[in-house]
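All remarks here apply to the structure that follows.
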Amino acid sequence: MNTAYLTEDRPPVGAPTTAASAPRAALSSLDALESEAIHIIREVVAEFERPALLFSGGKDSVLMLHLATKAFWPAKVPFPVLHVDTGHNFPEVLEFRDRTVERLGLCLVVGSVQEFIDRGELSERADGTRNPLQTVPLLDAISRHRFDAVFGGGRRDEDKARAKERILSLRDEFGQWDPRNQRPELWNLYNGRHTVGQHVRAFPISNWTELDVWRYIEREGIELPGLYYAHEREVFRRDGMWRAVGEVSQPRDSEEVLTRTVRYRTVGDMSCTGAVESAAATAHDVVIEVAASTLTERGATRADDRISEAAMEDRKKDGYF
Amino acid sequence: MTTTDFQTATLFRFATAGSVDDGKSTLVGRLLHDSKSILADQLEAVTRTSAERGFGGSASGRGQGQQIDLALLTDGLRAEREQGITIDVAYRYFATEKRSFILADCPGHVQYTKNTVTGASTADAVVVLIDARKGVLEQTRRHLAVARLLRVPHIVAAVNKIDLVKFSEAVFRDVEEQLLRAAAELGLPDVRVVPVSALEGDNVVELSARTPWYTGPALLEVLETLPAVDELETELEAFRFPVQSVIRPQGALAPGLDPEAFRDYRGYAGQLASGVVRVGDSVTVLGSAAGTQITTSVAGIDFAGTSLPQASAPQSVVLRLSDDIDISRGDLLVETGTFAAASQDLHASLCWLSPKPLCEGAKVLIKHGSRTVQGLVRSITGRLDLASFSEGPAADLGLNDIGTVQIRLASALPVEDYERHRRTGAFLVIDPVDGNTLAAGIANSVPDGEGEPRGG
Ligand SMILES: Nc1nc2c(ncn2[C@@H]2O[C@H](COP(=O)(O)OP(=O)(O)OP(=O)(O)O)[C@@H](O)[C@H]2O)c(=O)[nH]1
Ligand SMILES: [Mg+2]
């Protein structure tokens with residue numbers, strides 16, 4: 001009674017195909033994700049006048065840039081990269097950023113949180129965290145450079161508010177996201193129409209999980225800043241995370257400084273990004289570690305997302321990434 | 001997390017549907033929970049919120065996860081949590097040994113149908129939830145009609161809250177009957193029906209001992225074994241390739257490449273919409289300039305520095321052609337001999353997603369593949385009645401209506417019958433004033449003797 005089983009006379013899913021001329025096996029999930037991301041990147045470049053790609057040197061932005069180089073080969077990436085610099089960077093990440101931009105022959109635009117603080121247009125938060133302060137310099141850079149589309153490395157598996165966002169996400173004059181009034185997004189037809197003052201955030205790797213990202217990094221041999229891999233570092237314990245000792249993150253008297261073998265799962269503002277103890281020294285080790293992890297990357301390493309239940313949603317509504 | 005063989009694991013996309021409160025988000029939470037895809041910090045956060053909201057007073061106390069509101073795993077927006085409903089689609093990811101899943105948890109509320117259509121448009125399967133106590137409701141019928149309109153390849157019906165009807169086979173059979181009747185009226189080809197309790201986990205990941213009369217597979221097993229769209233269609237379909245952009249690197253060559261070698265490089269970037277293409281294949285370019293058709297052959301298939309002997313949907317590649325033809329974004333490459341001609345007349349079904357109604361004479365934009373052209377709605381030829389699933393006359397289309405229209409295009413588009421060519425039969429209707437998406441468009445074949453001849 002359970003009606004037609006359309007599938008019965010078809011070969012089983014994933015059945016091996018032999019010769020190169022055989023019809024085909026379905027793409028592997030990584031290939032399918034790669035192809036989807038490249039299609040999105042090309043659509044945005046074709047339909048917008050001034051796209052830019054948010055590039056922090058973090059793994060998601062490095063991955064996105066790698067996909068962009070593949071999308072336009074043999075031409076070079078046809079847009080600038082934009083870094084919103086919190087001033088609380090890991091020095092090796094800045095070095096990596098500059099080297100990557102140089103290697104790919106790109107133009108780098110920097111929006112500086114420090115400059116806004118110096119001019120009195122932003123004030124330091126009580127907790128010292130600067131991630132939430134990135135919104136203002138971001139929107140300033142977008143309007144100053146008249147970017148009409150900005151690629152972000154946001155992934156839906158990162159957070160429950162991101163899980164709700166479209167691949168092309170319309171932002172109003174104030175950069176705000178209105179989660180209750182998103183445009184329908186049908187098939188792979190992306191509607192990027194916007195009026196003057198509005199812009200679009202494009203998230204080509206929306207459908208990638210942290211594990212997909214690492215498997216792809218391993219497969220493609222993508223270079224990342226060294227702190228994604230196990231290294232020794234002076235750290236102290238705060239909020240259940242290992243914090244690096246550095247200019248902007250000093251231990252309190254009660255916090256003991258130890259040397260540990262750690263790595264970072266996300267790389268953001270040094271004052272709020274924690275490290276995890278890990279011996280994973282290669283992308284392959286990280287794949288195994290992530291597959292076995294019992295915590296999400298943000299849960300494990302981001303103090304800024306612990307501020308409230310809806311921290312990410314609130315920041316996004318205000319124009320955050 | 002389960003060990004998945006990533007070299008071979010394929011991607012399967014499914015969306016939930018069904019009337020408000022029938023248990024879609026709870027089911028999704030249950031699937032994620034029981035397939036061990038919830039990480040400790042997520043579970044902790046949801047447990048905390050559930051307790052704060054006084055969830056967990058439920059009687060039977062059976063099974064793990066009983067004390068948490070599983071819907072909170074996907075209902076992540078503040079407004080959703082306050083109202084206890086889903087407003088917009090949440091995308092979640094999980095993997096089993098067989099597959100990687102992209103799961104779209106859609107809203108049931110009629111007001112948010114546009115979001116449900118969004119979630120269903122890319123789905124390989126729709127899981128329609130039905131409250132066993134309520135049976136098939138108008139909103140269930142609407143979602144079934146949407147699934148039919150979008151030609152979602154598989155419908156899985158989950159008769160939910162079976163715990164609230166004492167696991168009664170008679171109730172299940174009654175709902176199953178209602179459902180299969182509705183599916184038959186719509187001509188939905190492939191429907192499976194599973195009795196579940198999303199709240200308590202019966203037949204979701206594991207078969208339940210409390211429904212001994214049910215002999216089919218658990219829901220997850222069904223989802224693991226259905227073929228995905230690309231697996232189903234690509235082998236059968238002819239090659240279609242909407243050109244996204246022309247790649248001519250002169251002056252802007254990627255660093256490290258030899259300028260001599262790429263001096264005259266010209267390639268066409270795009271994603272195969274269907275079929276397979278091999279080097280040497282004869283292809284026809286359907287140009288955006290009125291009615292042009294030029295035949296050439298594929299000289300090379302490039303992807304990021306690698307030359308491929310062939311490519312298949314949905315791969316993104318760059319094609320080089322043997323002849324120097326004027327091709328630009330918006331043109332469609334097809335396997336020679338498989339396409340009649342582009343047309344300026346569009347016969348289509350629309351799922352209207354805007355509160356602004358559609359009236360005859362309206363000027364709209366039509367986005368198809370990589371092209372957008374103006375269109376004039378010449379006539380609205382009918383509207384689907386959800387109670388009877390038959391089409392009645394209509395003067396306009398309002399929010400959530402499904403209807404048929406005839407549109408005259410400012411220039412010809414290579415639109416195909418959606419029934420046979422999902423990718424090249426789909427289009428968007430866009431408001432030329434504010435740029436919003438007004439409708440999902442599905443091209444219908446022109447009945448014989450009607451409309452203008454498609455030859456060109
Ligand atoms: N007893 C019982 N209750 C259930 C079951 N599934 C869901 N519920 C309850 O039904 C209510 C609605 O569940 P949701 O999962 O939010 O429903 P939904 O279909 O996602 O609702 P919308 O997304 O707003 O359309 C909640 O109170 C659930 O706990 C079930 O199998 N048995
Ligand atoms: Mg829901």
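Chain identifiers are assigned alphabetically (A, B, ...) following the order of the sequence lines, protein sequences preceding nucleic acid strands; residue numbering begins at 1 within each chain.
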I'd like to check [X] versus [Y] (side-chain heavy atoms, cut-off strictly below 4.5 Å). Are they in contact?
{"X": "Ile167(A)", "Y": "Tyr91(B)", "result": "no"}
{"X": "Thr10(B)", "Y": "Leu27(A)", "result": "no"}
{"X": "Tyr265(B)", "Y": "Pro74(A)", "result": "yes"}
{"X": "Arg180(A)", "Y": "Tyr112(B)", "result": "yes"}
{"X": "Trp187(A)", "Y": "Leu150(B)", "result": "yes"}
{"X": "Pro255(B)", "Y": "Arg103(A)", "result": "no"}
{"X": "Asp31(A)", "Y": "Gln315(B)", "result": "no"}
{"X": "Trp73(A)", "Y": "Val318(B)", "result": "no"}

When [options] are compared by non-hydrogen pairs under 4.5 Å with chain A, the top option:
{"options": "Leu73(B), Thr122(B), Leu77(B), Thr74(B)", "answer": "Leu77(B)"}
{"options": "Val89(B), Ile87(B), Asp75(B)", "answer": "Val89(B)"}
{"options": "Gly270(B), Ala184(B), Ser245(B), Ser370(B)", "answer": "Gly270(B)"}

Side chain, backbone, both or neither of [X] within contact of chain B (heavy atoms, under 4.5 Å):
{"X": "Thr69(A)", "value": "neither"}
{"X": "Ala37(A)", "value": "neither"}
{"X": "His194(A)", "value": "neither"}

Side chain from CB out, backbone as N, CA, C, O: work out which of these in [X] comes under 4.5 Å of a heavy atom of chain A, or both, or neither.
{"X": "Ile430(B)", "answer": "side chain"}
{"X": "Ala439(B)", "answer": "backbone"}
{"X": "Thr86(B)", "answer": "side chain"}
{"X": "Asp105(B)", "answer": "neither"}
{"X": "Leu253(B)", "answer": "both"}
{"X": "Leu257(B)", "answer": "side chain"}
{"X": "Phe262(B)", "answer": "side chain"}
{"X": "Ser354(B)", "answer": "neither"}
{"X": "Leu365(B)", "answer": "side chain"}

Quiz item: Only one of Glu185(A), Gln182(A), Arg166(A) clears side-chain hydrogen bond (donor to acceptor under 3.5 Å, both in side chains) with Asn115(B); which?
Solution: Arg166(A)
Practice problem: Look at Glu80(B) together with Lys160(A) and state whether they make a salt bridge at an N to O cut-off of under 4.0 Å. | Solution: no
Quiz item: Do the charged groups of Arg329(B) and Glu47(A) touch, with an N to O distance under 4.0 Å?
Solution: yes
So which atom in [X] and which in [Y] form the shortest heavy-atom distance, rounded to 0.1 Å?
{"X": "Thr118(B)", "Y": "Pro184(A)", "result": "OG1-CA, 3.2 Å"}
{"X": "Tyr190(A)", "Y": "Lys367(B)", "result": "O-NZ, 2.8 Å"}
{"X": "Ser316(B)", "Y": "Ile38(A)", "result": "CB-CG2, 3.8 Å"}
{"X": "Ile247(B)", "Y": "Ala75(A)", "result": "CG2-CB, 4.1 Å"}

Inter-residue atom distance [X].[atom1] - [Y].[atom2], 0.5 Å rounding:
{"X": "Leu186(A)", "Y": "Ser121(B)", "atom1": "CG", "atom2": "OG", "answer": "5.0 Å"}
{"X": "Ser29(A)", "Y": "Phe101(B)", "atom1": "OG", "atom2": "CZ", "answer": "11.5 Å"}
{"X": "Leu211(A)", "Y": "Tyr93(B)", "atom1": "CG", "atom2": "OH", "answer": "14.0 Å"}
{"X": "Leu189(A)", "Y": "Thr437(B)", "atom1": "CG", "atom2": "OG1", "answer": "9.5 Å"}
{"X": "Asn207(A)", "Y": "Leu11(B)", "atom1": "CG", "atom2": "CG", "answer": "7.5 Å"}
{"X": "Arg92(B)", "Y": "Thr209(A)", "atom1": "CZ", "atom2": "OG1", "answer": "11.5 Å"}

Practice problem: Please say whether more than 12 non-hydrogen atoms of neighbouring residues, nucleotides or ligands are located less than 6.0 Å from CD in Glu173(A). | Solution: yes
Practice problem: Indicate yes or no for a side-chain donor-acceptor contact from Glu313(A) to the backbone of Arg78(B) under 3.5 Å, with no hydrogens or angles considered. | Solution: yes
Quiz item: Taking every heavy-atom pair that is under 4.5 Å apart, which of Arg193(A), Gln198(A), Glu34(A) has the most such pairs with chain B?
Solution: Arg193(A)
Self-check item: Partner chain B: residue of Arg183(A), Lys164(A), Lys76(A) with the largest heavy-atom pair count (under 4.5 Å)
Solution: Lys164(A)
Exercise. Go through the steps for Arg13(B) and Glu36(A) under the test salt bridge (Lys or Arg N to Asp or Glu O under 4.0 Å), then give the verdict.
Key: CA-CA 13 Å; Arg13(B) 300 174 194 245; Glu36(A) 176 182 79; 3.0 Å; yes
